[in-house]
Amino acid sequence: TENFVGHQVLRIVPSSDAELQKVRELQELEHLELDFWLSPRGLGDPVDIRVPFPSLQPLKAHLEANGVPYSIMIEDVQALVDLEQMQMLRRRR
Amino acid sequence: FVPRSTSTFDYTSYHTLEEIYAFMDLLVAENPNLVSKLEIGHTTENRPIYVLKFSKGGTNRPAIWIDTGIHSREWVTQASGVWFAKKIVQEQDQGLANILDQMDIFLEIVTNPDGFAFTHTSNRMWRKTRSKHSGSLCVGVDPNRNWDAGFGGSGASSNPCSETYRGPYANSEPEVKAIVDFVKNHGNIKAFISIHSYSQLLLYPYGYTTTAVPDKEELHQVAKEAVAALSSLYGTNYKYGSIITTIYQASGGTIDWTYNQGIKYSFTFELRDTGRYGFLLPASQIVPTAQETWKALEVIMAHTRGHLY
């Protein structure tokens, strides 16, 4: 089973065309293995990206270097997945 | 793990494929005069693809199609589909009497069974089908890019490793082909509603072209009324509009194909996330999500029945 230990979901809300373009360029960086939960749409529309642990620091550095603000929507993806599984098992019992 | 009846089924929890299929059999057994289970095909991994039919009789009556779970990781949609199935039975002589007296309802709860099973066993974040196409190590096709509507255009990927891989050709995925064949054979479906999550949107065609659909005004008005009904319950904010103007260009999409088949009332929902959990929406939000979505579905179904064509 795939685990998501250390994965985070970052939320970016592009407020300018330059920021939107920077976010769109992230989709080409395949080596970061980013999972776009919400793809870039328009200004003001949130872009949610699940980021594997090894890519977290490089991506955050890249965003900060380019002046693209972001927030952390989910600090620990695996913790939420574990909670979901536990709830299912508990309800089943 | 099979509950004794659909009244004791736990709608406030997520369930496995087996539990959902067991629920469907229970619902059919409890309501033999209203509900039947159709098998419309088999998946890549040879799982049956089931559709629930809600009908008070007649033959090939005008119908409404609702599907959930085409993207397997969007768990709140399959869970809402289970809730909708029970709601249709509960409302058959009340809120839905008017509709069921004249129309049938088809509900496909698990539209991507292989992907859904995979989210439970191997990768909670899996979105696509589980098909394997020669020449690539990567698995799966985005079933919402595989339809014969602008197939292969911008807004889908030709890279098999991409989450929006369109597939080697239109209808390459048995999960898509099964619906295509069903819709064509039935020939009398008047509304087609495909339910995704997340981002709180109600969308209508087109996604593959900026050309406005001929029925844009009417679809926009119906979407407006449906969103107003949805938001009236818990205040969940939705946007609405055509796919390409509201989100982005997406080719090979389900409702573009259904609209081009002549099914005027073609809509896609992107259910709630309330801005915090994305695809990992807590199970406590299943029922509120299903309830608010139902209010919108009622508007679309009532409009369809009142404007049969």
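Protein chains get the first letters and strands the later ones, always in sequence-line order, with residue 1 at the start of each.
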(Q) For the CD atom of Q85(A) and the NE2 atom of H120(B), what is their distance to the nearest 0.5 Å? (A) 7.5 Å
Q: Report the distance from atom CH2 of W37(A) to atom OG of S199(B), rounding to the nearest 0.5 Å.
A: 13.0 Å
Q) Do R92(A) and D10(B) meet the salt-bridge criterion of a basic N to acidic O distance under 4.0 Å? A) no
Q | Within 6.0 angstrom of L89(A) CG, more than 12 heavy atoms from elsewhere | A | yes
Q | Neighbour count >12 (heavy atoms, 6.0 Å) for atom NZ, K224(B) | A | no
Q.
Which atoms of E30(A) are under 4.5 Å from chain B, going by heavy atoms: the side chain, the backbone, both sets, or neither?
A. side chain
Q) Do F36(A) and T164(B) come within less than 4.5 Å of each other through their side chains, counting heavy atoms only? A) no
Q: Salt-bridge test for D35(A) and R73(B): reply yes if a basic N is under 4.0 Å from a carboxylate O, no otherwise.
A: yes
Q. Rounded to the nearest 0.5 Å, how far does CG of D82(A) lie from CZ of R124(B)?
A. 12.0 Å
Q: Side-chain contact test, heavy atoms from C-beta onward, threshold under 4.5 Å: evaluate it for P40(A) versus Y248(B) and give yes or no.
A: no
(Q) For the backbone of T121(B) and the side chain of T1(A), can you confirm whether one donor and one acceptor N or O come within less than 3.5 Å of each other? (A) yes
Q: Indicate yes or no for a side-chain donor-acceptor contact from R41(A) to the backbone of T246(B) under 3.5 Å, with no hydrogens or angles considered.
A: no
**Q.** Part of R11(A) within contact of chain B (heavy atom distance under 4.5 Å)
**A.** side chain
(Q) More than 12 heavy atoms of other residues, nucleotides or ligands under 6.0 Å from CZ of F53(A): yes or no? (A) no
**Q.** Which of W126(B), Y198(B), F118(B), Y277(B) touches chain A most, by non-hydrogen pairs under 4.5 Å
**A.** Y198(B)
Q. Going through the distances and angles, do M125(B) and E2(A) end up as a side chain to side chain contact (heavy atoms under 4.5 Å, CB included)?
A. CA-CA 9 Å; M125(B) 290 303 148; E2(A) 185 98 10; over 6 Å; no
Q) Do you know which of N159(B), N123(B), T16(B), D273(B) has the most heavy-atom pairs with chain A at a distance under 4.5 angstrom? A) N123(B)
Q) Tell me, side chain or backbone of I244(B) under 4.5 Å from chain A's heavy atoms, or both, or neither? A) neither
Q) Is E33(A) atom CD crowded by more than 12 heavy atoms from other residues, nucleotides or ligands, each under 6.0 Å away? A) no
(Q) Between R91(A) and T12(B), do the side chains contain a donor N or O and an acceptor N or O under 3.5 Å apart? (A) yes
(Q) Would S13(B) and M88(A) count as a side chain to side chain contact (heavy atoms under 4.5 Å, CB included) here? Give the steps. (A) CA-CA 6 Å; S13(B) 178; M88(A) 281 177 70; 4.3 Å; yes
**Q.** Most contacts with chain A, counted as non-hydrogen pairs under 4.5 angstrom, among F279(B), W75(B), Y14(B)
**A.** F279(B)
